[in-house]
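In what follows, residues are counted from 1 in the order of the sequence shown.
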Amino acid sequence: MKKWLAIVTLVGLTVSQALPARPGGGHSSSSHSSSSSHSFSGGSHSSSGWSTHSGGSSAAHPMSTLEALVLFLIIAAIVIYIIHQQSQTRAIPATPPPEVRVRRQNGIAEQVAALKRLDRNFSAIVFLEFVHSLYCKFYEYSTKPEFEYLSPFLSAELQGHFSKAQPWTVSEIVVNGMRWLAVDTTGADGDSIDIDIEIDANYSLDLQDAHSRYAVVERWRLYRRKGLLLAEPEKMQTLSCPQCGGPAHFTDTGVCGYCGATVQKGGEQWCLGKRIVVGTHAVPVDEGLAAYAEEQGTQAVTIKQSDLIEQINAWQQRYGLADWTPFWAPFEKDVVRQYFLTIYGCWSRREWQAARHLLSDRLYETNAFWQKMYVARGWFNRLDNLRIEQVVLAKIDSDLFYEAVTVRIFAACNDYTEDGNGKLVGGSKSKLRRYSEYWTFVRRTATERRDQPYALSQCPSCGAPADNMGQSGECGYCGSKISTGQFSWVLFLIEQDEVYAG
């Protein structure tokens with residue numbers, strides 16, 4: 001299950017390690033950096049490898065063979081010395097140990113709680129959906145006239161970042177994960193709220209006839225003015241006009257092309273103020289599809305929310321439950337276990353679209369790309385004899401609009417990759433592989449409660465067969481958008497043991 005490459009940048013040294021290829025585990029092609037020497041900057045993209053440099057030329061006499069040999073030996077010696085020196089940093093971990101991750105996450109939780117006290121409408125789920133949408137459009141539009149449409153969501157400096165025609169195009173953008181770095185309710189100027197996010201992503205870059213894929217880690221700082229309540233999720237979780245809800249179609253001065261309203265940067269919606277590319281690296285797309293490595297963290301203690309008991313009690317009071325069992329028993333059986341088997345079954349059969357109504361937009365889109373890669377090769381990532389061995393409650397979170405429940409799932413299966421003729425390409429058809437993952441399910445707080453769970457093969461809104469779901473998660477029969485959790489639980493996020501922080 002460990003496939004795809006994590007590129008760890010350690011003071012210029014790249015160390016690759018394999019990651020899992022299950023929908024939740026991988027294909028991340030991630031690029032992490034342990035260097036702390038970077039700082040936020042407005043529009044710098046210097047570390048991305050996209051910039052071109054030109055210099056003057058001067059006449060010089062031809063170099064003799066002896067001179068060329070001496071120069072070559074000097075350069076070789078320097079390179080060997082640098083590699084030797086940098087190799088001393090290999091022991092630096094790419095991911096902080098669990099106790100460090102938990103300590104950081106507890107601090108972030110306190111900062112988010114402070115933000116909710118200032119703005120009761122703030123929702124972490126809505127915010128992350130917005131950042132995902134902005135990230136994808138930022139690169140998709142980067143070399144197109146449509147980049148102007150993003151004007152209310154970008155600082156003046158970043159708005160002009162791609163003002164000149166560029167020789168490349170960016171496509172197939174996949175956001176693997178987003179990590180909270182800081183939430184500052186005072187802001188740099190004392191009148192704004194700042195949120196720092198680290199984004200782990202990859203995308204395809206087409207430069208003339210060359211097609212390459214890059215893994216990248218970026219840090220984004222988004223801000224908005226203090227003292228305002230955010231609008232409802234429908235206007236906030238995607239790139240749309242906060243006034244009329246229409247899709248982003250703004251002039252360079254922020255005037256909506258639908259209602260004519262002028263949207264100020266950082267006013268009614270978050271605005272990207274600064275960004276930095278921490279690390280980027282070209283990755284081979286095909287080579288990781290059948291690469292396997294050992295699971296990490298499966299034997300580690302489950303990371304549980306520090307106030308989990310209090311959250312359970314609050315849940316029981318909210319829904320008038322005498323104890324936890326009336327909620328937990330059907331949730332574990334009909335949501336966690338059924339979703340897990342159904343979603344991974346669709347993945348194994350290369351029928352990812354069949355699970356569309358059970359997945360958030362981000363989770364679906366991220367893994368749809370990798371399914372496409374398997375289809376292109378004619379391969380299948382099989383998860384045979386899949387079974388759940390244990391489900392452990394890890395976290396409960398809620399805000400004005402959403403409820404979220406995170407569980408740790410311990411499972412086992414025969415995990416392997418084969419071609420269309422059944423020939424083994426990677427993994428093992430006989431060796432049982434045990435692993436665990438953290439799954440987060442979300443639903444809208446106003447979701448109608450049902451005595452019986454809906455059939456996973458049906459639309460939760462109209463009851464029609466779930467065989468006509470669009471790419472955007474809308475039912476082809478009733479037109480309802482299912483992937484927002486408006487009608488029932490959707491799987492929002494899958495995190496691996498080695499990165500989950502709580």
Side-chain angles (χ1 to χ4, degrees), residues 1-8 14-31 94 171-172 174 176-177 200-204 211-215 281-298 340-356 359 363-389 409-437 494-499:
M1 288 187 201
K2 296 291 185 182
K3 306 173 191 173
W4 282 97
L5 301 176
I7 308 301
V8 185
T14 59
V15 182
S16 64
Q17 68 179 45
L19 287 179
R22 302 179 302 272
H27 305 330
S28 66
S29 297
S30 57
S31 176
S171 61
E172 301 173 322
V174 174
N176 305 302
D200 180 355
N202 53 85
Y203 46 71
S204 296
H211 179 84
S212 303
R213 190 150 188 90
Y214 288 88
H281 194 89
V283 294
V285 176
D286 291 341
E287 292 180 11
L289 292 177
Y292 285 75
E294 294 300 320
E295 298 286 338
Q296 298 180 33
T298 306
F340 184 91
L341 296 175
T342 300
I343 289 170
Y344 273 166
C346 291
W347 171 266
S348 186
R349 295 188 301 272
R350 254 178 25 195
E351 298 174 354
W352 194 236
Q353 180 64 30
R356 182 66 186 92
L359 304 164
L363 195 57
Y364 172 78
E365 293 167 5
T366 295
N367 292 286
F369 172 79
W370 302 114
Q371 254 315 253
K372 177 183 173 183
M373 294 296 101
Y374 278 105
V375 171
R377 293 294 296 265
W379 290 355
F380 292 82
N381 176 212
R382 302 294 193 187
L383 306 175
D384 290 350
N385 303 313
L386 181 65
R387 68 171 185 259
I388 295 177
E389 298 182 332
I409 303 175
F410 293 84
C413 68
N414 299 113
D415 176 32
Y416 60 94
T417 298
E418 65 178 6
D419 64 16
N421 297 318
K423 179 182 177 182
L424 184 67
V425 178
S428 173
K429 293 185 178 183
S430 58
K431 183 180 179 181
L432 196 66
R433 190 178 189 106
R434 285 185 165 85
Y435 63 96
S436 64
E437 297 171 338
I494 303 176
E495 296 174 275
Q496 296 305 296
D497 299 303
E498 62 266 32
V499 298

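A donor-acceptor pair under 3.5 Å is absent between the side-chain atoms of Asp200 and the main chain of Gly177, judged by distance alone. A donor-acceptor pair under 3.5 Å links the side-chain atoms of Asp419 to the main chain of Asn421, judged by distance alone.
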Exercise for the section: Give the C-alpha distance, both sets of side-chain angles, the deciding distance and a yes or no for side-chain contact (heavy atoms from CB on, under 4.5 Å) between Thr417 and Leu424. Expected result: CA-CA 6 Å; Thr417 298; Leu424 184 67; over 6 Å; no
Exercise for the section: Determine, step by step, whether Glu172 and Lys372 satisfy the side-chain contact (heavy atoms from CB on, under 4.5 Å) criterion, reporting the C-alpha distance in whole Å, the side-chain angles of both residues, the deciding distance to 0.1 Å, and the verdict. Expected result: CA-CA 10 Å; Glu172 301 173 322; Lys372 177 183 173 183; 3.0 Å; yes
Practice task
Please report the C-alpha distance between Gln353 and Tyr364 in whole Å, then the side-chain angles of each, then the deciding distance to 0.1 Å, and finally whether the side-chain contact (heavy atoms from CB on, under 4.5 Å) criterion is met.
Solution key: CA-CA 8 Å; Gln353 180 64 30; Tyr364 172 78; 2.4 Å; yes
Exercise for the section: Please assess Arg382 against Ser348 for the test side-chain hydrogen bond (donor to acceptor under 3.5 Å, both in side chains), listing each intermediate value before the final yes or no. Expected result: CA-CA 5 Å; Arg382 302 294 193 187; Ser348 186; 4.5 Å; no
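With sequence neighbours excluded, the residues satisfying ring pair (Phe, Tyr, Trp, His ring centres under 6.0 Å) with Phe340 are Tyr344, Trp439. Considering only residues two or more places apart in sequence or on other chains, Asp384 meets the side-chain hydrogen bond (donor to acceptor under 3.5 Å, both in side chains) condition with Tyr416.
Atoms CE and CG, on Met373 and Asn381 in that order, are 14.5 Å from each other to the nearest 0.5 Å. Put simply, CD1 on Ile388 and CD1 on Ile409 are 5.0 Å apart, with the number rounded to the nearest 0.5 Å. Note that the CG atom of Asp415 and the NZ atom of Lys431 stand 11.5 Å from one another [nearest 0.5 Å]. The distance from the CD1 atom of Ile343 to the CG atom of Leu363 is 7.0 Å, given to the nearest 0.5 Å.
In plain terms, the two heavy atoms of Trp347 and Asn367 that are nearest each other are CZ3-O, 3.6 Å. Nearest heavy atom pair, residue Arg350 against residue Trp379, reads NH1-O, 2.7 Å. Nearest heavy atom pair, residue Arg213 against residue Ser171, reads NH1-O, 4.3 Å. Smallest separation of non-hydrogen atoms from Cys413 and Tyr435: SG-CE2, 4.0 Å. The nearest pair of heavy atoms linking Phe410 to Ser436 is CD2-CB, 3.6 Å.
Put simply, the residue from Glu295, Glu389, Glu294 that forms a salt bridge (Lys or Arg N to Asp or Glu O under 4.0 Å) with Arg434 is Glu389.
At a threshold of 4.5 Å between non-hydrogen side-chain atoms, the residues Leu432 and Arg387 count as touching. The closest side-chain heavy-atom distance from Leu359 to Trp352 is below 4.5 Å.
Side-chain atoms of Gln496 and Glu437 form a donor-acceptor pair, as typed in the model, at a separation below 3.5 Å.
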